Amino acid sequence: MSDITKSGFSRRSILKSGAAVAAASTIPTGWAIAQAKPVKIGLMLPYSGTFAKLGENITFAIELLIAEKGGKLGGREIQIVKLDDESKPENAPQNADRLVKRDQVDVLIGTVHSGVQMGIHKVVKESGTLTIVPNAGNDVITRAECAKNVFRTSFTNWQSAYGMGLALGKKGVKKVAWVTWDYAAGNDMGAGFKEGLQKSGGQVVQELKLPFPQTTFQPLLAQIPGLNVDAVGAFFAGGAAVQFVKEYAAAAIKAPLCGPGFLTEGTLAAQGASAEGIETALHYGDGLDNPKNTAFRKAFNAKAGRDADVYAVQGYDAAQLLAVGLEAVKGKIEDEAGLYKAMRAAKIDSPRGPISISPSQNVVHNIYLRKATGGQNKVIGIAAENLADPGTGCKLT
Ligand code: BEZ
């Protein structure tokens, strides 16, 4: 039996809002009461550990967009509930369950870490809770495990790494080593990097890994000179990226370091001279010259007291996507059919440039080539234009 009623509202949402008998009536109905209630958004993000700053920037940007809209989306007040997921996959199902069942959130925005995302995904696939992913890139959640209630405004790991591999091969680089954490994000990005590199004539000759969130890089760095590679690609992010880039520079390894842009994103001030000249590829860059970006960076800095980065942009766009949906249904979040239709068709003016949503509900965007110069990830070209993840195996029902 379909879970969509004739009105287009799901049984789940009607039960939740108590609006089952909300027909045309002059006395306040369940529907009217539900309309008066704020839309509750659960933010499940890391506020501690190596990804803490990523979670904070996503949060600041979501709050910024809501404030810019006068505290309401589609005419509904917004209430935010925050939960620190600590980037711990083992706690993820229980944490997601708390937001969905105990706090009864209408929307879950989360998270950063791909392993934690898998835990959220199991819970929200079951509950049907609208979920917007503001960072975690694990390919599978918008591929074989895709779900009609799950959208992503950040990237797939494949998208971020494929562009870098492609650009590197085009420069004539042939032999490359790949260094990363051994978990979903590092492995997905490794696969994307390899695919792009192979397509443009290079190859990954060695992969070096350590468990998340370890940062004992020295044993891996010690192996690199013996590999005789032309370049080293790496995925690390947050505090660990700061440490890796500094230790790489200190080791005076000849092969230039590159990677998906997380390696130098939001970290350049702490990395200092050790990051100078590192080329990365990402869907954002400093100095992207468009009016939306200029306004966003100014407003973000005023709110957060620091510069925006890709994580802030992804959070802002998660809120922008929700705003598109809620505005289309005039705040009736219970109108799932209308809400999802509008979100799928969204064309958003993002600080990263124009974005849209692919058939598997993942963001489509440009991948920029950047070079760390004087404390900024300066855009020096486009590695892949309007890149959509292939969405392999996704069947939305
Ligand atoms: C991830 O786990 O998917 C991830 C974390 C930080 C930056 C990029 C990706």
Side-chain angles (χ1 to χ4, degrees), residues 3 9-20 22 30-49 51-52 54-56 58-63 65-66 71-74 76-136 138 141 145 147-153 315 318-319 321-323 325-326 329 331-336 339-340 343:
D3 68 344
F9 307 144
S10 75
R11 291 180 204 290
R12 178 189 65 77
S13 58
I14 285 179
L15 287 174
K16 197 169 165 195
S17 68
W31 173 250
I33 292 163
Q35 277 291 86
K37 283 200 308 185
V39 168
K40 208 188 249 193
I41 303 179
L43 300 186
M44 183 162 154
L45 290 164
Y47 297 114
S48 58
F51 291 159
L54 286 59
E56 283 165 18
I58 291 167
T59 304
F60 281 139
I62 291 169
E63 289 172 346
L65 186 280
I66 294 168
K72 291 184 177 179
L73 300 184
R76 294 277 294 271
E77 296 279 351
I78 300 296
Q79 182 187 350
I80 289 183
V81 181
K82 295 177 191 167
L83 188 153
D84 178 9
D85 69 32
E86 304 171 82
S87 294
K88 287 190 176 157
E90 64 276 20
N91 297 343
Q94 197 189 343
N95 281 334
D97 225 48
R98 273 175 55 191
L99 286 175
V100 167
K101 296 205 178 123
R102 187 193 68 183
D103 299 329
Q104 298 260 302
V105 299
D106 298 296
V107 186
L108 194 158
I109 300 186
T111 188
V112 167
H113 182 287
S114 280
V116 178
Q117 198 68 47
M118 278 321 292
I120 294 178
H121 203 61
K122 281 198 191 92
V123 171
V124 299
K125 263 187 111 167
E126 170 82 23
S127 68
T129 311
L130 170 59
T131 299
I132 306 177
V133 186
N135 186 73
N138 38 344
I141 70 151
E145 289 292 329
K148 71 175 181 158
N149 55 312
V150 177
F151 292 78
R152 177 155 48 192
T153 56
L321 181 61
L322 180 61
L326 282 174
V329 296
K332 292 178 189 166
I333 194 162
E334 296 77 6
D335 178 1
E336 281 179 4
L339 183 74
Y340 295 174
M343 289 173 72

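These numbers were taken from a predicted model, which means no experiment stands behind them.
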Any donor-acceptor pair under 3.5 Å from [X] side chain to [Y] backbone:
X: D106; Y: K40; answer: yes
X: R98; Y: L83; answer: no
X: D103; Y: V105; answer: no
X: D335; Y: V329; answer: no

Trace of the side chain to side chain contact (heavy atoms under 4.5 Å, CB included) decision for L45 with V112 = CA-CA 6 Å; L45 290 164; V112 167; 4.2 Å; yes

State, to 0.1 Å, how close [X] and [Y] come at their nearest heavy-atom pair, and which atoms those are.
X: H121; Y: A147; result: CE1-CB, 4.4 Å
X: F51; Y: P46; result: O-CG, 3.5 Å
X: Q117; Y: I141; result: CG-CD1, 3.9 Å

Do you see a donor-acceptor pair shorter than 3.5 Å between the side chains of T129 and T131?
-> no

Are any of the side-chain nitrogens in K82 or E63 under 4.0 Å away from the carboxylate oxygens of its partner?
->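 Salt bridge: yes.
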
Any Lys/Arg nitrogen of E77 or K37 sitting under 4.0 Å from an Asp/Glu carboxylate oxygen of the other?
-> no

Between [X] and [Y], is any pair of side-chain heavy atoms under 4.5 Å apart?
X: I132; Y: L322; answer: yes
X: P89; Y: H113; answer: yes
X: N138; Y: M118; answer: yes
X: I58; Y: T111; answer: no
X: F151; Y: L130; answer: yes
X: P93; Y: K122; answer: no
X: V124; Y: V150; answer: yes
X: N135; Y: V133; answer: no

Applying the side-chain contact (heavy atoms from CB on, under 4.5 Å) test to M44, which of V123, L108, I109 qualifies?
->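 Of the listed residues V123, L108, I109, the side-chain contact (heavy atoms from CB on, under 4.5 Å) partner of M44 is L108.
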
K72, NZ: over 12 other non-hydrogen atoms inside 6.0 angstrom | no

